[in-house]
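Contents: one structure, followed by commentary.
For the numbers below, each heavy atom of this structure counts, side chains included, while hydrogens, waters and symmetry mates do not. Remember, it's 1-based here, ligands and their atoms both numbered in the order they're listed.
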Amino acid sequence: MPEIAFYKDKFVDINDTVVPIQDRAHQFGDGIYEVIRAYNGKPFYLEAHLERLGNSAEAIQIALPYTLDEIADICHEAIARSTILEAEIYIQISRGTYSRQHHFPEATPPVFTLTVKEARFISSEKRTEGFRVLTTEDDRWKNCYIKSLNLLPNVLAKQKAKEHGYDEAVYHENGTVKEGSTSNIFAVKNGLLYTYPPLKGILHGITRKIVITLAGELDIQTKEEPFSLDFLYEADEVFVTSTSLEIMTVKQVDDRLLPTERPITAQLQAHFRQLK
Ligand code: PDD
């Protein structure tokens with residue numbers, strides 16, 4: 001299946017594309033991105049992702065080079081050209097290309113990049129078995145609601161988790177659980193669902209929002225409030241959510257094994273599957 005790339009205003013060969021050295025995405029991570037899943041060739045919650053892209057752009061004062069409708073059209077065309085049905089779309093917008101200087105260059109157009117590739121496959125065995133997550137102090141900036149290209153702390157946290165035999169790193173701030181390095185996190189206790197509130201310190205995940213809506217439909221109450229690491233260790237169920245992980249069971253937090261009965265997670269997973 002061909003991987004597809006769109007650079008500036010046209011579709012290009014993914015192997016030929018050379019991004020200029022002076023692109024500010026290289027130099028400063030000065031840009032934003034989105035990751036969108038397509039199921040059976042249809043982008044999932046595209047509008048919500050593009051709305052968040054627009055919000056991220058506005059937050060760092062990048063003027064989108066296309067309207068959201070035009071970006072949606074590019075996504076659809078890219079999927080069609082790729083012929084990949086189970087796809088992952090990556091969109092990146094950098095502030096532009098200019099001789100290196102910290103402040104914004106004047107009158108430099110932003111650079112729009114899009115790729116489509118096969119989505120990562122997660123086996124149903126892995127989904128049932130669940131993730132091990134390793135908690136780590138949140139050493140990121142205070143504006144993680146912006147989906148910015150500056151992912152070095154996330155990369156380092158994920159690598160640390162991997163080196164210790166874990167699947168995901170989970171950030172806490174002085175013992176308050178926030179989110180994963182590439183996911184949001186939920187805990188279930190006594191039939192209630194808990195997740196960190198949508199403040200500036202976490203990414204407002206699209207999957208997180210879908211889960212809260214599904215929970216409401218299932219009469220499961222969600223408390224968007226901070227909770228502690230101890231609360232996480234003692235939870236009845238824990239799961240992480242993201243575009244690529246969907247709703248992923250967590251079986252272990254640090255060295256604590258969680259209960260193997262996960263009725264609420266299973267219910268939410270079943271309802272999520274029906275949305276695809
Ligand atoms: N990551 N929190 C962080 C820090 C993330 O990077 C992500 C997504 C999420 C979940 O957001 P959503 O449900 O909208 O995917 C939460 C994407 C998939 C990535 O960087 O690849």
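C144 does not count as a contact of ligand 1, since none of its heavy atoms falls under 4.0 Å from the ligand. Ligand 1 lies within reach of Y33, whose nearest heavy atom is under 4.0 Å from it. In this structure, K209 falls outside the shell of residues with a heavy atom less than 4.0 angstrom from ligand 1. Taking 4.0 Å as the cut-off, H204 does not count as a neighbour of ligand 1 on heavy-atom distance.
Within 6.0 Å of atom CD in E70, more than 12 heavy atoms from other residues, nucleotides or ligands are found, so the atom counts as buried in its surroundings.
Set against the non-hydrogen atoms of E179, the atoms of ligand 1 under 4.0 Å away are 2 (N), 3 (C), 4 (C), 16 (C). Those atoms of ligand 1 with a heavy atom of V35 less than 4.0 angstrom away are 19 (C), 21 (O). Every atom of ligand 1 is numbered from 1 in the order shown, and the set under 4.0 Å from a heavy atom of G180 is 4 (C). Atom numbering of ligand 1 starts at 1 in the shown order; those under 4.0 Å from a heavy atom of T241 are 10 (C). Contact atoms of ligand 1 toward S183: 2 (N), 3 (C), 5 (C), 7 (C), 9 (C), 16 (C) (distance under 4.0 Å to a heavy atom of the residue). Interface atoms of ligand 1 facing G205, defined by a heavy-atom separation under 4.0 Å, are 11 (O), 12 (P), 13 (O), 14 (O). Atoms of ligand 1 found under 4.0 Å from any heavy atom of T207 (numbered from 1 in listed order, with element): 12 (P), 13 (O). Of all atoms in ligand 1, listed by their number and element, those nearer than 4.0 Å to a heavy atom of S181 are 4 (C), 6 (O).
A side-chain donor-acceptor contact under 3.5 Å links Q252 to the backbone of D254. Remark: the backbone N or O of P259 is not paired with any side-chain donor or acceptor of D236 at under 3.5 angstrom.
The nearest heavy-atom contact from the protein to atom 17 (C) of ligand 1 is K147 NZ, 3.5 Å. Among protein heavy atoms, the minimum distance from atom 6 (O) of ligand 1 is reached at T182 CA, 3.5 Å. Atom 10 (C) of ligand 1 has N184 OD1, 3.6 Å as its closest protein atom, hydrogens excluded (heavy atom only). Counting only heavy atoms of the protein, atom 15 (O) of ligand 1 lies nearest to T243 OG1, 2.6 Å.
A donor atom on one side chain and an acceptor atom on the other are not found under 3.5 Å apart for Y194 and K223. Under the 3.5 Å distance criterion, with hydrogens and angles disregarded, no donor-acceptor pair is assigned to the side chains of S244 and E88. Under 3.5 Å, the side chains of S82 and E3 contain no donor-acceptor pair of N or O atoms.
H204 and Y145 have tilted rings, their planes meeting at an angle from 30° to 60° on a 0 to 90° scale.
No option in V116, L114, I89 other than I89 meets the side chain to side chain contact (heavy atoms under 4.5 Å, CB included) test with I36.
An N or O contact shorter than 3.5 Å is missing between S242 and ligand 1 by distance.
F239 does not carry R262 over the face of its six-membered ring by the limits of under 6.0 Å from the centre and within 45° of the normal.
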### Task
Start with the C-alpha distance between R208 and E224, add both sets of side-chain angles, then the distance that settles salt bridge (Lys or Arg N to Asp or Glu O under 4.0 Å), and finish with yes or no.
CA-CA 11 Å; R208 174 189 179 281; E224 294 181 80; 2.6 Å; yes
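Between E34 and R52 there is a salt bridge, since a side-chain N of the basic residue sits under 4.0 Å from a carboxylate O of the acidic one.
Nearest-residue assignment for atom 9 (C) of ligand 1 (options L203, N154, I206, V211; heavy-atom criterion): L203.
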